[in-house]
Amino acid sequence: MKTNKLQQISAVQYRIANQWGFRADSFHSNNNLILESSEVFFEMVTFGEHAIIRVDKEMLAWCEAHMNKLPACELMDGDQLFFIEAELRKHGKKLAGEHVRYLYGKQTSVKKPTGYEYRLFDQIELKELNANKNFHHALNYKNDVIALGAFDGQQLVALAGADDYMKNLWQIGIDTLPAYRNKGLATYLVQGLAEEIETRGAIPYYTTWGANIASTLVALRAGFFPAWVSYYAVEHDQI
């Protein structure tokens, strides 16, 4: 039986809390929670109330002074992001950008585009795709566990893939070759892969950013809903 939206969100909050080492009810506390971390330099996440921030000790004091009580809607606004970015640059880091995470709450089935062959790839079969770099949004070529592809004859033209970087939370990515876009393939593959992931006992989620309207529409049409937002830091020279 599919869980409702609140149950899915609670499950994700519990898994993030368990991975990061804090109580899941901290997402509903009166202030942001700031944690010292040796695993990442800077990362913050919110489900719409307050933020959980984990940060390296080099920037811990700054975060405690500037980010403790601001609501997440202000913390992740332009002015505050500018201040965070400026501080990160002092440490040779930068923000990787906005990541809007969607959870699956299917309402209606998506129409299956005709004229294509579809294939499900398991983790071992995914090795066949390692040489194909046309699908770098669908695959990260490292933690991939499953994929669903659409073929036009012998040519792979669209692929939805999932990785298990967050253990039982499997992130879905999608790529469609330019000539095959706007044909319904992306939405169909994303929903089909989400259904398959749920049969395996994992929670599917989808990531994009606000300005990527095409990707957002794929998520919404496939039955996903926005659940949380995160930002994290990378090396300054990292693309």
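One-based numbering along the sequence shown.
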Counting only heavy atoms not in [X], do more than 12 fall under 6.0 Å of its [atom1]?
{"X": "Y14", "atom1": "OH", "value": "no"}
{"X": "E117", "atom1": "CD", "value": "no"}
{"X": "K142", "atom1": "NZ", "value": "no"}
{"X": "R200", "atom1": "CZ", "value": "yes"}
{"X": "N182", "atom1": "CG", "value": "no"}

Is the shortest heavy-atom distance from the side chain of [X] to the side chain of [Y] under 4.5 Å?
{"X": "F135", "Y": "L177", "result": "yes"}
{"X": "L103", "Y": "W228", "result": "yes"}
{"X": "L126", "Y": "L139", "result": "yes"}
{"X": "R89", "Y": "E85", "result": "yes"}

Worksheet entry | side chain to side chain donor-acceptor pair (under 3.5 Å) partner of T207, chosen from R101, E98, H137, H99 |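 Output: one option passes, namely R101.
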Is it true that a side-chain atom of [X] and a backbone atom of [Y] form a donor plus acceptor pair closer than 3.5 Å?
{"X": "D56", "Y": "M59", "result": "no"}
{"X": "E87", "Y": "W62", "result": "no"}
{"X": "D144", "Y": "Y141", "result": "yes"}
{"X": "Q191", "Y": "V110", "result": "yes"}
{"X": "D175", "Y": "A138", "result": "yes"}
{"X": "T46", "Y": "H50", "result": "yes"}
{"X": "N32", "Y": "I53", "result": "no"}
{"X": "K133", "Y": "N130", "result": "yes"}
{"X": "T199", "Y": "E196", "result": "yes"}
{"X": "R54", "Y": "F42", "result": "no"}

Discussion item. Using side chain to side chain contact (heavy atoms under 4.5 Å, CB included), reason through I52 and S26 one step at a time and then give a plain yes or no.
Written reply: CA-CA 8 Å; I52 310 298; S26 298; 4.0 Å; yes
Mind checking the [atom1]-[atom2] spacing from [X] to [Y]? Nearest 0.5 Å is all I need.
{"X": "Q19", "Y": "N168", "atom1": "CD", "atom2": "CG", "result": "11.0 Å"}
{"X": "L75", "Y": "L81", "atom1": "CG", "atom2": "CG", "result": "7.5 Å"}
{"X": "L88", "Y": "K94", "atom1": "CG", "atom2": "NZ", "result": "11.5 Å"}
{"X": "I172", "Y": "T208", "atom1": "CD1", "atom2": "OG1", "result": "13.0 Å"}
{"X": "L70", "Y": "M76", "atom1": "CG", "atom2": "CE", "result": "11.0 Å"}
{"X": "M44", "Y": "L33", "atom1": "CE", "atom2": "CG", "result": "14.5 Å"}

Hydrogens and angles aside, do [X] and [Y] bring a side-chain donor and acceptor to less than 3.5 Å of each other?
{"X": "Y104", "Y": "E195", "result": "yes"}
{"X": "D152", "Y": "Y180", "result": "yes"}
{"X": "S109", "Y": "K106", "result": "yes"}

Item to complete: Check each of V218, L185, L148 against V190 using the side-chain contact (heavy atoms from CB on, under 4.5 Å) test, and report the only one that passes.
Response: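 Of the listed residues V218, L185, L148, the side-chain contact (heavy atoms from CB on, under 4.5 Å) partner of V190 is V218.
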Practice prompt. Using the six-membered ring wherever Trp is involved, compare the ring planes of H91 and F41 and label them parallel, tilted or perpendicular (cut-offs 30° and 60°).
Written response: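 Correct class here is tilted.
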Worksheet item: Do the rings of Y206 and F224 sit parallel, tilted or perpendicular, given the 30° and 60° boundaries?
Response: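 Tilted, since the angle between the ring planes falls between 30° and 60°.
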Worksheet item: Does E128 come within less than 4.0 Å of R119, counting only side-chain N to carboxylate O?
Response: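 So E128 pairs with R119 through a salt bridge.
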Worksheet item: Do the numbers put K5 on top of the ring of F225, so that NZ or CZ is under 6.0 Å from the six-membered ring centre and no more than 45° off the axis?
Response: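 Yes, K5 sits over the ring of F225.
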Item to complete: Could you give me the CA-CA distance, side-chain angles and deciding distance for I84 and L95, then say whether side chain to side chain contact (heavy atoms under 4.5 Å, CB included) is met?
Response: CA-CA 8 Å; I84 294 169; L95 288 174; 4.3 Å; yes
Practice prompt. Determine whether the aromatic ring centres of F27 and F22 lie less than 6.0 Å apart.
Written response: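 F27 vs F22: aromatic centres under 6.0 Å.
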